[in-house]
Visitor: 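Dumping the structure here so I can ask a few things about it.
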Amino acid sequence: MTHLYVNIEKKAFSPVGLPASSNVFSDFKLDFNTQQLTCIIGPSGCGKTTLLNIIAGIDKDFTGSVRLNDQPQSTDHKVSYVFQTPRLLPWRTVLENIQLIIGNSPSSLLKTQEVLQQLGLLEQLNSYPAHLSIGMQRRVSLARAVVSDSETLLMDEPFVSLDMANAAKARQLLLQVLEQHPKHVIFVTHDMDEALTLADRIVFLSGAPCQILADIPISTERLARNNDWLNTFKATLKKDNPNLKTTF
Amino acid sequence: MRHSSLLKPVLSISLLLLIWQVLSIFINTAVLPSPFVVFNTLILAIKSGELLYHLGFTLYRLCLSFFIAMMLGVSIGLLLGRSEKVNQFFNSWLIIFLNIPALVTTILCYVWFGLIETAAIFAIVINKLPNVIVTIREGAKNIDEELVEMATVYQLGHLKTLQHVILPQLFPYIMAAARTGLSLIWKIVLVVELLGRSNGMGYQIHLFFQLFDISSILAYTVSFIIIIHFIEIAILQPLDKAAKQWK
């Protein structure tokens with residue numbers, strides 16, 4: 001079983017123009033089982049996005065390491081990232097955006113078409129992002145992340161601006177796509193119900209400096225997670241972890 | 001649509017020609033020849049091959065120095081725009097080079113390197129370069145960091161990031177630098193030719209000045225106004241159009 005170890009000894013964040021800096025993370029350790037979908041929940045500004053950026057290798061301004069298994073060095077493991085905003089290149093079509101990442105071999109084209117079809121975007125293959133709705137752009141961003149040959153898929157509140165019905169639909173699509181293209185997923189959200197629907201494990205974070213408040217595995221089959229189950233689970237969670245009250 | 005878009009410039013140019021014609025009749029001196037005289041001179045100069053010979057040299061210098069200045073300017077501008085430290089260090093250099101008169105750099109180049117072609121090209125590049133750098137630096141400062149981060153996450157590498165993420169964002173700035181650059185280089189290249197070359201438009205115009213041949217000066221001017229319009233319509237506008245396809 002593969003694990004991804006995140007160890008942040010110190011990550012300071014200095015607001016622009018201010019000399020004083022506060023620690024976002026100090027002695028923070030979290031490891032991920034790469035077979036699982038882990039959801040991370042925490043209050044705004046606690047450093048969830050920073051955590052993802054560190055794992056993604058965008059944020060290198062910290063002391064610590066991100067390692068796969070027990071390799072001594074920080075590894076250059078392949079990551080794909082669904083950002084809060086779609087971050088598509090506006091001068092490239094949907095297909096061209098994806099092909100920039102995975103190349104334009106016939107097999108990658110086939111894979112792209114397959115995923116886009118699953119996400120209901122096949123007709124938009126040759127459209128420019130400006131001609132798509134924001135929901136469609138998000139799905140393209142998801143498609144790009146899924147078809148890329150990454151080991152880890154990072155998702156930063158990807159469904160935050162969608163209404164409830166569309167968000168639920170998007171979550172179902174995500175699960176369907178992941179079934180066909182399994183990946184290690186780290187999913188950041190502030191929506192408890194979203195986390196409960198998707199996760200194999202939920203990690204609750206505190207405000208800065210960021211600490212792990214609770215680490216809860218969920219073994220119930222996803223299909224069995226109906227409304228009643230959600231409510232019971234939340235009630236038990238509250239009773240067992242009184243310190244979580246503030247987060248949901 | 002197409003009809004009316006052509007009509008306006010034709011009308012405005014005709015008006016300009018008309019004013020010129022009326023003025024030349026009114027003043028009636030050798031210093032302001034009428035458009036017809038200038039047109040005849042132009043035809044004669046083309047037929048004799050003299051105009052094309054000198055225009056050719058000027059265009060060659062223009063193209064060469066334009067491409068050198070653009071390549072260097074885009075690279076340096078990108079570097080300055082992307083790195084605040086480098087920018088702060090070199091900013092004062094830029095201000096100095098922006099404000100040295102073209103005449104001074106040209107004379108210095110000829111004095112230091114001799115009256116040779118390389119000195120002429122170098123002088124034009126030095127005059128044009130700071131403007132390109134300033135424009136591209138502005139563009140580089142406005143590059144969307146989020147897209148660059150995306151490129152980093154997906155491990156696109158430097159070359160692909162430059163080609164597909166950074167340069168498309170710089171494109172409007174490159175076009176602006178190209179447009180202002182062309183008009184600036186026209187002006188400089190003539191001065192450079194006047195001071196130290198024995199061919200080219202600048203050399204010829206200097207000659208006509210000594211002979212007081214105003215209609216030839218105007219004929220040469222008209223010839224490069226036509227060329228500039230040709231570059232705008234045949235090269236720059238199609239490039240603009242192609243780049244806006246996705247909007």
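Per chain, numbering begins at 1; letters A, B, ... match sequence-line order. All heavy atoms count here, side chains included; hydrogens, waters and symmetry mates do not.
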Visitor: What part of Leu154(A) gets within 4.5 angstrom of chain B, counting heavy atoms only: side chain, backbone, both, or neither?
Guide: neither
Visitor: Can you give me the closest heavy-atom contact between His164(B) and Leu89(A), atom names plus distance?
Guide: O-CD1, 3.7 Å
Visitor: Other residues, nucleotides and ligands only: do more than 12 of their heavy atoms fall within 6.0 Å of NE2 on His131(A)?
Guide: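 Yes, because the 6.0 Å sphere around NE2 of His131(A) holds more than 12 heavy atoms from other groups.
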Visitor: Please check this pair: side chain of Trp91(A) against backbone of Gln169(B), looking for a donor-acceptor N/O pair closer than 3.5 Å.
Guide: no
Visitor: Flag the one option from Lys160(B), Met150(B), Glu146(B) with the top tally of heavy-atom pairs under 4.5 Å to chain A.
Guide: Glu146(B)
Visitor: Considering only heavy atoms and a distance below 4.5 Å, find which of Pro90(A), Ala56(A), Ala130(A) pairs most often with chain B.
Guide: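 Ranked by contacts with chain B, first place is Pro90(A).
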Visitor: Do other residues, nucleotides or ligands put more than 12 heavy atoms under 6.0 Å from Ile233(B) CD1?
Guide: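 Result for CD1/Ile233(B): enclosed.
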Visitor: Donor-acceptor pair, Tyr154(B) side chain versus Tyr81(A) backbone, under 3.5 Å?
Guide: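 Here the side-chain-to-backbone pair exists.
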Visitor: Contact part of Thr93(A) toward chain B, heavy-atom cut-off under 4.5 Å: side chain, backbone, both or neither?
Guide: neither
Visitor: Check whether Val165(B) gets within reach of chain A through its side chain, its backbone, both or neither, counting any heavy atom under 4.5 Å.
Guide: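 Contact with chain A is through both the backbone and side chain of Val165(B).
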Visitor: Given side chains that start at C-beta, do those of Arg87(A) and Asp144(B) come closer than 4.5 Å, heavy atoms only?
Guide: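 No, too far: nothing below the 4.5 Å cut-off.
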Visitor: Between Leu100(A) and Gln163(B), does the side chain to side chain contact (heavy atoms under 4.5 Å, CB included) criterion hold? Intermediate values first, please.
Guide: CA-CA 11 Å; Leu100(A) 181 63; Gln163(B) 187 186 349; over 6 Å; no
Visitor: Between OG1 of Thr152(B) and CG of Asp59(A), what distance do you get to the nearest 0.5 Å?
Guide: 11.5 Å
Visitor: Need one label for Ser148(A): side chain, backbone, both or neither, based on atoms under 4.5 Å from any heavy atom in chain B.
Guide: side chain
Visitor: Are the side chains of Glu145(B) and Ile58(A) in contact, using a 4.5 Å heavy-atom criterion?
Guide: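 Ile58(A) does not reach Glu145(B) side chain to side chain.
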Visitor: Taking everything shown except Lys183(A) itself, do over 12 heavy atoms lie less than 6.0 Å from its NZ?
Guide: yes
Visitor: So for Arg92(A), is it side chain, backbone, both, or neither that comes closer than 4.5 Å to the heavy atoms of chain B?
Guide: side chain
